[in-house]
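These notes are about the structure you will find just below.
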Amino acid sequence: MKEVRVRFAPSPTGDLHIGGVRAALFNWLFAKNKGGKFILRIEDTDEARSTEASAQVILDAMKWLQLNWDEGPGNEFPKYAPYYQMKRKELGIYQKYSDELVERNLAYPCYCTPEEVDEMRKKAQANKLPPKYDGRCRRLAPEQRLQKEKEGKKPVIRFKTLESGATVLNDLIRGRIEFDNSLLDDFVIIKVSGTPTYNFACAIDDYLMEMTHVLRGDDHISNTPRQMQIYNALGWKSPEFAHMAMILGSDGARLSKRHGHTSVLEYRKEGYLQEALINYLALLGWSTQDSQQIFPIEELIWKFSTDRCRSSPSIFDPEKLLWLNGEKIRSKTVEQIYELFIDWLKYTDNEKIIDGWDREFLKKAIVLEHDKIKLLKDIPSLVDFFFVKDIVYNDDAVKKVLLSEKSKDTSKLVLTESAERLKNRQDFSADALEKYARDLAVEKEIKTGQVFHPIRVAISGRTQGPSLFHMMELMGKDEVIRRISAALAKFF
RNA sequence: GCUGCCAUCGUCUAGCGGCCUAGGACAUCGCCCUCUCAAGGCGGAGAUCACGGGUUCAAAUCCCGUUGGCAGCGCCA
């Protein structure tokens with residue numbers, strides 16, 4: 001059995017998008033599942049839009065996602081390197097095969113200008129025909145070619161597509177798809193600049209890099225017959241293809257800015273975990289028979305298969321991603337969350353937020369709020385009141401719990417009593433504190449809530465927060481008394 | 001316009017001819033737990049399986065057509 005080799009081949013014209021990650025992920029899972037190799041190749045033949053910076057951003061994003069590549073930039077195998085198409089162009093790789101095709105009369109130079117070609121397509125479309133290049137340079141006599149060359153015209157190279165018959169694709173996900181060859185025009189394989197076009201470079205590289213399978217978005221389905229014809233012309237066997245359905249935005253249109261974040265980096269900045277994004281994306285277009293939702297990455301690997309991929313598109317649901325992120329965080333130990341949080345602070349350049357915070361104390365605070373964390377960025381606002389000297393009292397909380405007509409007398413009583421009585425307590429454990437509070441309620445003949453709530457607001461400034469007594473225990477006796485006294489002084 | 005792909009709760013999906021009065025998950029609603037907020041547990045509502053025709057004793061499942069959505073039709077990838 002031949003070793004499975006698959007690739008992710010992004011073009012560095014922007015950030016890594018959700019759709020790109022999904023394509024990368026499915027290839028990565030496929031490779032891991034088959035014990036094969038996952039290759040990263042940069043398709044930077046778009047001379048106008050490709051940038052070095054963008055390539056770097058994509059590499060970084062892949063690293064963050066832990067979609068590690070067995071071969072690619074930074075991990076070059078002499079047999080297949082280089083992994084940037086423009087570097088491969090410099091080596092003359094594409095030119096060589098283009099020359100071969102021209103020599104064998106399977107491709108030809110075309111001197112038509114983009115404007116002329118545009119004109120042909122418009123005309124064809126006006127006649128309700130598929131917009132095609134009409135092939136006029138295909139049968140240029142040698143002397144006519146010479147004439148054009150003399151005029152100083154620089155040609156592109158066009159591939160001679162088959163004029164009749166059909167090209168049949170047996171897609172791993174969709175089954176048999178047949179393309180009528182007469183509908184394909186002679187497409188450009190080498191631009192005037194000498195750079196190969198996508199369809200050519202892709203086919204050549206997939207062959208030279210010995211790809212066994214090509215998993216990609218279904219927006220590439222109609223490119224497939226072109227690439228297959230190139231393989232055939234060169235006498236090569238084409239790889240297996242699998243076209244997965246696209247991911248769409250909430251309105252069913254292609255995922256774009258107005259649907260929220262599209263770049264993975266933005267999700268990272270928000271405090272999503274890479275494994276949540278991975279798990280969520282795996283669920284889009286793939287499923288198990290029992291509709292399992294949560295997968296550790298290892299399980300994703302051994303369960304993944306293309307024949308459980310759906311062929312219908314799916315809509316990206318940010319709410320479910322958020323839920324999944326919470327699930328992943330809840331499944332982590334506090335130590336792990338702490339590490340993730342610190343990494344996130346560094347990444348977002350927010351380390352100053354925790355300036356002066358005691359690290360061990362912070363971990364204990366995280367324990368108390370563990371299952372409330374949905375995003376790493378939630379953590380500061382969840383626990384910051386522990387660390388500030390002068391806490392910020394929420395207006396509504398103060399009005400409702402401390403100063404309302406109904407509550408002000410009992411609140412004042414509870415706080416005054418507590419400031420005094422807690423001083424003498426030896427046992428400041430959560431259990432002991434709870435007993436204290438309940439006893440106080442009984443003694444003063446008030447409801448337990450009338451004891452709990454004022455203390456909560458006094459020491460945290462808010463009505464929401466961790467378990468009251470655990471919060472007190474963690475704060476410690478001195479600080480609790482200090483805060484209660486401060487609240488007393490401020491509001492009563 | 002041409003070609004192709006797709007079509008099950010709002011969303012992600014299970015379903016490969018009888019187990020479906022269509023199952024799970026997110027979201028939503030209610031109840032329970034409870035010192036608040038969460039988390040968790042339980043339950044509800046939510047899908048004429050896009051529509052119309054076949055085939056069959058039997059169809060969400062197979063076939064044909066229609067409609068709708070999406071994609072491609074570049075010297076972009």
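When reading the values below, keep in mind they use all heavy atoms of this one structure, side chains included, and skip hydrogens, waters and symmetry mates. By convention in this document, chain letters (A, B, ...) are assigned in the order of the sequence lines, proteins followed by strands, and residues within each chain are numbered from 1.
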Taking OP1 and OP2 of B:A77, is either one under 4.0 Å from a side-chain nitrogen or oxygen of A:Thr197? no

Integer-rounded Å distance: B:U34 C1' and A:Glu434 CD: 10 Å

P gap between B:C16 and B:G68, integer Å: 31 Å

Whole-Å distance, A:Asp431 CG to B:C35 P, equals 13 Å

Using only heavy-atom distances, determine whether the side chains of A:Tyr198 and A:His220 contain a donor-acceptor pair under 3.5 Å. yes

Rounded to the nearest 0.5 Å, how far apart are CD of A:Gln229 and CG of A:Asn181? 5.0 Å

State the pairing partner of B:C5; accept Watson-Crick or G-U wobble contacts with both distances under 3.5 Å, and report none otherwise. B:G69

RNA chain B: 5'-proximal contact among A:Lys374 and A:Asp185 (nearest heavy atom): A:Lys374

Would A:Gln450 and A:Ser411 count as having a side-chain donor-acceptor pair, cut-off 3.5 Å? no

Euclidean distance for C1', B:C75 against B:U66 (whole angstrom): 40 Å

If we ignore angles and hydrogens, is there a donor and acceptor under 3.5 Å between the side chains of A:Asp251 and A:His259? yes

For RNA chain B, determine which residues of residues 305-316 of chain A have any heavy atom closer than 4.0 angstrom to one of its atoms, and list them numerically. A:Arg308, A:Arg310, A:Ser311, A:Ser312, A:Pro313, A:Ser314, A:Ile315

Base versus backbone protein contacts along nucleotides 18-25 of chain B [heavy-atom cut-off under 4.0 Å; B, S, -]: -----BBB

With a 3.5 Å cut-off and heavy atoms only, can you find an N or O donor on one side and an acceptor on the other between the side chain of A:Arg456 and the base of B:C35? yes

Counterpart base for B:A45, defined by Watson-Crick or G-U wobble contacts under 3.5 Å: none

Could you say whether A:Tyr111 or A:Arg176 is positioned toward the 5' end of RNA chain B, judged by the nucleotide with the nearest heavy atom to each? A:Arg176

Between A:Glu319 (CD) and B:A27 (P), how many Å, whole number? 7 Å

Just checking A:Leu322: base, sugar-phosphate only, or nothing, at a heavy-atom cut-off of under 4.0 Å? nothing

Determine whether the aromatic ring centres of residues A:Phe469 and A:Phe452 are separated by less than 6.0 angstrom. yes

What contact category does A:Val188 fall into here, base, sugar-phosphate, or nothing, at under 4.0 angstrom with non-hydrogen atoms? sugar-phosphate

Answer with yes or no whether A:Asp219 presents, from its side chain, a donor or acceptor under 3.5 Å of a partner atom in the base of B:A77. no

Mind checking if A:Ser250 touches a base, just sugar-phosphate, or nothing, with heavy atoms under 4.0 Å? nothing

Judged by modelled atom types alone, do A:Arg88 and A:Thr45 share a side-chain donor-acceptor pair under 3.5 Å? no

Between B:C35, B:G1, B:A77, spot the one nearest the side chain of A:Phe469, thanks. B:C35

Could you tell me the separation between the CG atom of A:Leu183 and the P atom of B:G1, rounded to a whole number of Å? 16 Å

Which listed nucleotide (B:G1, B:C75, B:A77) is nearest to the side chain of A:Asn199? B:A77

The side chain of A:Val192 is closest to which nucleotide in this list: B:A71, B:A27, B:C75? B:C75

Any strand: nucleotide that pairs with B:C20 via Watson-Crick or wobble, under 3.5 Å: none

Can you see whether A:Ser263 engages A:Asp15 through a side-chain donor-acceptor pair at a distance of less than 3.5 angstrom? yes

What's the closest nucleotide to the side chain of A:Pro131 if the choices are B:G72, B:C2, B:G1? B:G1

Respond yes when some side-chain nitrogen or oxygen of A:Ser222 is under 4.0 Å from OP1 or OP2 of B:A71, and no when none is. no

Would you indicate which nucleotide in B:C75, B:C76, B:C35 comes nearest to any side-chain atom of A:Arg49? B:C76

Do A:Thr288 and A:Asp290 have side-chain atoms, one donor and one acceptor, less than 3.5 Å apart? yes

Does NZ or CZ of A:Lys89 come closer than 6.0 Å to the centre of the six-membered ring of A:Tyr94, within 45° of the ring's axis? no

Just N and O in the side chain of A:Lys128: are any of them under 4.0 Å from OP1 or OP2 of B:C73? no

Can a donor-acceptor pair be found between the side chains of A:His453 and A:Ser407 at a distance below 3.5 Å? no

From C-beta outward on A:Asp371, which listed nucleotide comes closest to its side chain: B:A38, B:C26, B:G4? B:A38

Just by distance, no angles: are the side chains of A:Gln336 and A:Thr333 close enough, under 3.5 Å, to form a donor-acceptor pair? yes

Report the base-pairing partner of B:C33 (Watson-Crick or G-U wobble, both distances below 3.5 angstrom), or none. none

Establish, with yes or no, whether the OP1 or OP2 oxygen of B:U3 is under 4.0 angstrom from a side-chain nitrogen or oxygen of A:Lys132. no

Starting at CD of A:Gln450 and ending at P of B:U36, how long is that distance when rounded to a whole Å? 14 Å

Work out how far the P atom of B:C62 is from that of B:U8, and round it to whole angstrom. 14 Å

State whether A:Arg438 places a side-chain N or O below 4.0 Å from either non-bridging phosphate oxygen (OP1 or OP2) of B:C35. yes

Which nucleotide, B:U11, B:C12, B:C75, lies nearest any side-chain atom of A:Lys191? B:C75

Using whole Å, report how far NE2 of A:His453 lies from P of B:U36. 6 Å

Under 6.0 Å from the ring centre and within 45 degrees of the ring axis: does the NZ or CZ of A:Arg22 meet both conditions for the six-membered ring of A:Phe26? yes

Distance, nearest 0.5 Å, that separates OG1 of A:Thr306 from CG of A:Asp171: 9.0 Å

Searching all strands shown, indicate the nucleotide that pairs with B:C62 (Watson-Crick or G-U wobble; both distances under 3.5 Å). B:G54

At 4.0 Å (heavy atoms only), tell me whether A:Thr463 reaches a base, stays on the sugar-phosphate, or touches nothing. base

Send over the distance from A:Lys303 NZ to B:A14 C1', rounded to a whole Å. 14 Å

Rounded to whole Å, the CG-P distance (A:Asp251 to B:C70) equals 8 Å

On the nucleotide B:G74, are OP1 or OP2 found under 4.0 Å from the side-chain N or O atoms that A:Arg226 carries? no

